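Let me begin by presenting the structure, written as structure tokens, before commenting on it.
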Number of protein chains: 2
Amino acid sequence: MAHVLVAPRLRLNRDRVLQAAVQLADRIGIDALSMRRLAEELGVVPMALYKHVANKDELLDGMVDVTVAEIDPPDRDLDWKAAVRLRVLSARQMLLRHPWARSVLESRTRETPTVLDYMESTIGMFLAGGFSADLTHHVMHALGSRMWGFTQELFDASAGPDRPPVDTAAQVAQLQAMAERYPHILQISAVAAHDDSVVARGCDDRFEFEFALDLLLDGFERLRDAGWSSAASPTA
Amino acid sequence: MAHVLVAPRLRLNRDRVLQAAVQLADRIGIDALSMRRLAEELGVVPMALYKHVANKDELLDGMVDVTVAEIDPPDRDLDWKAAVRLRVLSARQMLLRHPWARSVLESRTRETPTVLDYMESTIGMFLAGGFSADLTHHVMHALGSRMWGFTQELFDASAGPDRPPVDTAAQVAQLQAMAERYPHILQISAVAAHDDSVVARGCDDRFEFEFALDLLLDGFERLRDAGWSSAASPTA
DNA sequence: ACCTGAACACCGTTCAAGT
DNA sequence: ACCTGAACACCGTTCAAGT
């Protein structure tokens with residue numbers, strides 16, 4: 001097979017395994033990435049991988065490390081708000097390059113050094129911006145996965161299976177049924193329908209992401225300026 | 001086996017299959033839930049399930065429907081903010097009952113009627129509260145998965161495998177290493193350390209959730225009162 | 001030190017057959 | 001109409017053996 005010729009039995013090591021796994025996931029998706037498939041890709045028997053990663057879980061942890069390390073380091077010349085904003089958007093760019101990384105990042109519970117480094121420097125941006133440790137703690141929680149450049153979108157059409165093509169008559173009938181049962185959904189979808197596609201298409205993902213991010217950052221700033229403390233919080 | 005005696009061959013139907021799947025997932029977790037295991041639970045051969053759900057994906061969609069239907073309907077006597085708040089917290093309660101539902105909800109891309117109903121009525125709360133369709137659209141995106149009562153927490157310790165118990169000497173050494181490399185992480189963790197456990201424990205999940213939720217709701221209100229429109233948005 | 005072969009205990013799903 | 005049996009093409013991982 002082709003890949004045996006392309007990769008003629010270089011000695012494996014952990015890094016080669018992780019790099020190959022990331023590239024393979026980029027190409028065939030995370031569901032199709034199995035230890036067996038990865039081994040085949042490397043021209044090696046499945047068990048050979050287990051010398052370099054303990055098991056599949058550790059492989060996934062390693063793949064997270066590779067991708068998180070791609071996120072730009074903080075820009076020290078910017079104020080906290082611009083710095084956080086830019087960095088989160090850099091994380092988002094990384095996720096656009098590795099679409100599978102989101103779900104893997106979500107399912108990980110192991111704190112690898114690379115992930116801790118990322119959190120450490122992000123926390124540092126808030127502290128340097130005059131946030132108390134108390135407020136920074138809650139702000140980091142509020143940021144949550146947005147720190148990694150993603151949020152759960154309502155329906156990520158691109159992540160799903162391709163819809164079967166629907167003929168125009170059926171589409172019209174479907175819309176009429178929708179209009180009756182889900183008038184509000186149609187109403188707010190129409191706002192975003194810049195082009196011909198009628199429902200839940202053409203939302204500007206970047207706009208939505210920055211809208212929520214800026215709403216949060218503005219809220220954080222307001223709390224900081226008001227001298228917010230969890231002890232005096234109205235919701236406590 | 002016990003379950004054969006307990007469930008002596010009632011005729012299966014889609015609803016019995018879904019209910020059994022939800023209960024089984026509550027008990028053994030979503031990873032352990034297989035078509036084969038579920039069939040065994042129902043005292044039936046695996047293939048018998050395929051008469052009632054097309055495949056595993058449809059089973060998961062059905063399980064989402066069952067749990068989403070448990071979320072309280074909107075309280076019409078409350079103003080929009082209190083109503084949204086209460087409902088999202090009700091969703092959160094449902095997720096505490098069915099911890100597996102979060103990841104399944106995240107991975108679904110099919111809009112089932114139950115899920116659409118939930119979105120429809122949530123959108124309705126904002127529209128009734130005087131939000132424009134335009135703003136409601138973006139507000140729903142900003143809410144994102146928080147609408148379902150969850151957010152990605154930084155490290156969900158409870159979701160991970162049990163940590164091996166560490167002896168005190170090793171723990172002290174580990175803390176010293178952390179203090180050197182991750183001073184900021186330690187600093188904001190200390191704030192939340194109410195009890196003896198030292199790092200990343202004892203965060204009040206409900207407090208964190210409401211902190212971020214209220215921050216967003218307040219931000220939404222501010223934009224509404226300012227007559228926000230995406231056409232005039234500074235980030236556009 | 002690194003890789004292999006054969007095996008184990010699982011998956012989801014199809015197809016043809018039973019009642 | 002509903003359930004079964006046998007089979008297919010996959011998984012992750014262990015263990016003992018090869019070089």
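All values derive from a computational prediction rather than experimental measurement.
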Point to revise | Main-chain N/O of A:I185 paired with B:E120 side-chain donor or acceptor, under 3.5 Å | key: yes
Exercise for review: Between C:dT13, C:dC3, C:dC11, spot the one nearest the side chain of B:S34, thanks.
Suggested key: C:dC11
Revision key, fill the gap. Taking a pair to mean Watson-Crick or G-U wobble geometry with both distances below 3.5 Å, C:dC8 pairs with D:dG12
**Study point:** Exam field: side chain A:H137 to backbone B:I188, donor-acceptor pair closer than 3.5 Å
**Key:** yes
Review point. Given that A:R36 and B:M47 both sit by DNA chain C, which one's nearest nucleotide is further toward the 5' end?
Key: A:R36
Check your understanding: Is any side-chain N of the basic residue among A:E58 and A:R14 closer than 4.0 Å to the acidic one's carboxylate O?
Key -> yes
Revision key, fill the gap. In whole angstroms, the gap separating P of D:dC11 from NZ of A:K56 amounts to 9 Å
Practice item. Spell out, as yes or no, whether a donor-acceptor pair under 3.5 Å connects the side chain of B:R108 to the backbone of B:D57. Key: yes
Exercise for review: Report the distance from atom CG of B:L38 to atom C1' of C:dT13, rounded to the nearest whole Å.
Suggested key: 15 Å
Review point. Tell me: CG of A:L33 to C1' of D:dC11, nearest whole Å?
Key: 12 Å
**Study point:** Spacing of A:L49 atom CG relative to C:dT4 atom P, expressed in whole Å
**Key:** 10 Å
Check your understanding: OP1 or OP2 of C:dC2 sitting under 4.0 Å from any side-chain N/O of A:K51?
Key -> no
Practice item. Find the partner of D:dA1: check Watson-Crick (N1-N3 plus N6-O4 or O6-N4) and G-U wobble (N1-O2, O6-N3) distances, both under 3.5 Å, and reply none if neither fits. Key: C:dT19
Review point. Which whole-number value in Å describes the distance from A:Y50 OH to C:dG5 P?
Key: 17 Å
Study note, to complete from the structure: When rounded to whole Å, the CZ to C1' distance for the pair A:R14 and C:dC2 reads 17 Å
Exercise for review: Give the rounded distance in Å between these two atoms: CD of B:E40 and C1' of C:dG12.
Suggested key: 16 Å
Point to revise | Proximity to the side chain of A:N55 - top-ranked nucleotide from D:dT13, C:dG12, D:dC3 | key: D:dT13
Review point. Any side-chain N or O of B:H52 under 4.0 Å from OP1/OP2 of D:dC2?
Key: no
Exercise for review: Mind calculating the distance between CD (A:E58) and P (D:dG12) to the nearest angstrom?
Suggested key: 15 Å
Check your understanding: Between A:S121 and A:R87, is a side chain to side chain donor-acceptor pair (under 3.5 Å) present by the stated rule, with each step listed?
Key -> CA-CA 10 Å; A:S121 66; A:R87 195 148 196 244; 2.8 Å; yes
